[in-house]
Structure formats: structure tokens, C-alpha cells
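Contents: one structure, followed by commentary.
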Amino acid sequence: MFTLATWNINSVRLREPLVARFLTEEAPDILCLQETKSPVEKIPLEIFRSLGYTHLVARGQKGYNGVAILSKLPIEDAGDRDYASLGHARHVAARLENGITIHNVYVPAGGDIPDREQNVKFGQKLDFLTEMRDAFHADNPKKSILVGDLNIAPREDDVWNHKALLKIVSHTPIEVEHLAAAQDAGKWVDVTRNDIREGRLYSWWSYRAKDWDAADKGRRLDHIWATPDIVNAGHDSRILRPVRGWEQPSDHVPVLASFDL
DNA sequence: ATGGTCGTTAGACGA
């Protein structure tokens with residue numbers, strides 16, 4: 001059995017103490033981070049190594065984006081894709097010794113206006129998802145887990161107000177359709193929703209709310225998916241809402257699942 | 001309906 005977590009950390013260097021606290025308290029076997037905002041060589045690895053996370057694959061750039069997989073388990077092979085040819089560090093993959101491949105993805109946020117004619121970033125987000133779709137259609141992934149900040153809340157109960165968010169980037173129908181197309185192409189199953197089938201689930205709350213907890217205007221942007229051949233091994237999904245209340249938090253919280261593999 | 005807050009890094013840009 002192994003436990004896996006995904007967390008948009010919004011600067012791994014600034015939040016090194018929070019990552020260390022999370023690794024100490026929850027001790028997942030694997031932690032996938034997004035928005036590390038750091039070149040790979042500047043990720044603070046010593047503290048993570050000291051906590052048992054001696055294996056790392058990461059992609060980074062200065063100031064923006066960045067993804068990393070910290071692991072207690074050995075990593076046999078690694079790779080990355082540049083979906084939509086943006087030149088951004090938004091994907092890294094690792095294969096474990098048990099043959100499981102983990103994809104860690106940071107989908108572009110997409111800007112404010114949900115129209116590719118008026119907003120280049122929205123078009124890039126859709127193109128990124130389309131290229132993910134095409135890659136998974138070609139790859140036919142097996143024994144694979146995909147996690148990350150997908151920057152889309154697909155279900156009505158993944159947002160605080162479905163109707164109010166239909167024209168807000170992250171919950172527009174065209175984004176939900178593009179995400180579903182990428183998901184279907186790899187036959188990915190939403191592990192979190194396979195485990196927790198009903199009720200509102202959020203993994204992100206804006207920094208801009210006066211009182212994020214009281215307002216509770218959240219969205220489920222962070223996801224764990226698995227291919228059908230291993231999805232039944234997944235269990236004990238959790239979203240760690242209290243982490244949003246830690247000192248100097250990320251606006252995202254960790255999402256976890258365990259796999260009997 | 002609008003503006004609200006962060007992080008990086010040094011004036012915006014991105015989320």
C-alpha cells in the first residue's frame with residue numbers, strides 16, 4: 001500500500017516549513033507539488049531528504065509554474081511533456097518500481113475572460129487540455145495515476161455556486177468539456193469522487209475573501225485520477241481543509257488517496 | 001456588480 005498526495009504549494013521555497021509540517025504529520029509516500037515557482041536546483045531538498053523523501057523528479061523555471069514529485073519510494077524513470085508548446089514547466093511523470101506511472105500536471109489557469117478570441121491564455125488552457133487528450137488517446141495509459149492542479153472544477157458540487165460560476169474561468173462548460181475529453185481519452189477515473197460520491201468538495205479558496213472559512217466560496221481544482229485497471233485499489237480519499245488555515249498558507253490544500261498496490 | 005490578496009522580484013505579471 002502507498003499513499004499519495006497532490007498540493008499546489010504556490011512557492012515551495014516560501015512554504016518549505018508548511019511542506020515539512022505536512023510530510024511530518026501525514027507522511028504520504030509520494031507528494032506531488034505544483035506551482036513550485038523555483039528552478040529545480042533551488043528547491044530546498046535537505047529538509048525533505050531528512051524526512052525520508054530521498055527521491056525527486058521535477059521541472060522548474062524562474063518565478064512561474066513548476067512541478068515536483070517527492071518520493072520515499074525509488075523512481076525508476078522520469079519524463080515530461082510540453083502540452084500546447086508553451087515552454088512552461090507544467091508536467092512531470094515518474095515510474096515506480098511497482099510499475100505504476102504517476103503524472104503530475106499543472107494545467108494553465110486561463111486568465112479572467114472565458115473567450116479565446118479576447119484572451120490568449122484561455123485558448124492556451126483549452127489547447128493544453130486538447131493536447132493532453134491526444135497524448136492519452138495515443139498512449140492508452142495503464143497502471144497510471146494522474147494528479148495535479150487541473151484548474152477546473154467539473155461538477156456542480158465541486159463549486160460553492162454552480163450557476164454563479166458558469167461564466168467564471170474554472171467552471172465554464174467549454175472547460176469542463178475539454179477536461180472530460182482528456183479524461184475520457186485515457187479512460188481516467190476520478191478517484192476522489194469514486195470514494196466520496198456526494199456532497200460539496202473544495203480544494204481551493206481564494207486569497208481575496210475576507211474570511212475564506214466563513215464565506216466558504218471554494219472550488220475543487222485539484223484532482224487524483226487513476227486508470228481503470230488500478231482504480232479499485234484506491235481508497236481513503238481526503239482533502240485537508242484545515243491546511244488552508246495554517247500560517248501563511250497556499251490557497252490550495254493537499255488532496256490524498258491510498259492505493260493497495 | 002465590483003474588488004478583493006498573494007508571490008516573484010523589483011514594475012508588472014500571473015493566479
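The structure presented is a predicted model; accordingly, all values stated were derived computationally and were not measured.
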- B:dG3 and B:dG7: how far apart are their P atoms, nearest whole angstrom? 23 Å
- Hydrophobic cluster of A:L14, others only, ordered by chain and residue number, side-chain cut-off 4.5 Å: none
- Message: Between C1' on B:dC13 and CG on A:N10, what's the gap in Å once rounded to a whole number?
- Response: 14 Å
- Message: Both A:H252 and A:T36 contact DNA chain B. Which one's nearest nucleotide lies toward the 5' end?
- Response: A:T36
- Message: Nearest whole Å is fine: how far is B:dA15 P from A:D222 CG?
- Response: 15 Å
- Under 4.0 angstrom between A:R15 side-chain N/O and B:dG7 OP1 or OP2: yes
- Task: Give A:R90 one of three labels, base, sugar-phosphate or nothing, depending on what nucleic acid heavy atoms sit under 4.0 Å from its own.
- Result: sugar-phosphate
- Message: Please classify the nucleic acid contact of A:Q248 as base, sugar-phosphate, or nothing, using heavy-atom distances under 4.0 Å.
- Response: sugar-phosphate
- Task: Rounded to the nearest angstrom, tell me the gap between atom CG in A:D251 and atom C1' in B:dT8.
- Result: 14 Å
- Note on the structure: A:N8 CG to B:dG7 P, in whole Å, measures 12 Å
- Message: With rounding to the closest Å, how many angstrom separate the C1' atoms on B:dG4 and B:dA15?
- Response: 14 Å
- For A:V12 and for A:Y64, find the nucleotide of DNA chain B with the closest heavy atom, then tell me which residue's nucleotide is more 5'. A:V12
- Item | A:L14 CG - B:dC6 P separation (whole Å) | 12 Å
- Message: Regarding A:Q34 and A:N104, do their side chains bring together a donor and an acceptor under 3.5 Å, going by distance alone?
- Response: yes
- Message: Just the rounded figure in Å: distance from P of B:dA10 to NZ of A:K37.
- Response: 14 Å
- Message: Counting the atoms with a prime plus P, OP1 and OP2 as sugar-phosphate, which does A:K210 contact under 4.0 Å by heavy atoms, base, sugar-phosphate, or nothing?
- Response: nothing
- Message: Would you say A:N10 and A:K37 are linked by a side-chain donor-acceptor pair, where the criterion is simply a distance under 3.5 Å?
- Response: yes
- Task: Measure the acute angle between the ring planes of A:F136 and A:Y83, then classify it against the limits of 30° and 60° as parallel, tilted or perpendicular.
- Result: tilted
- Query: Roughly how far apart, to the nearest Å, are B:dG14 and B:dA10 at atom C1'?
  - Reply: 15 Å
- Task: For A:N65 and B:dC13, give me the distance from atom CG to atom C1', rounded to whole Å.
- Result: 12 Å
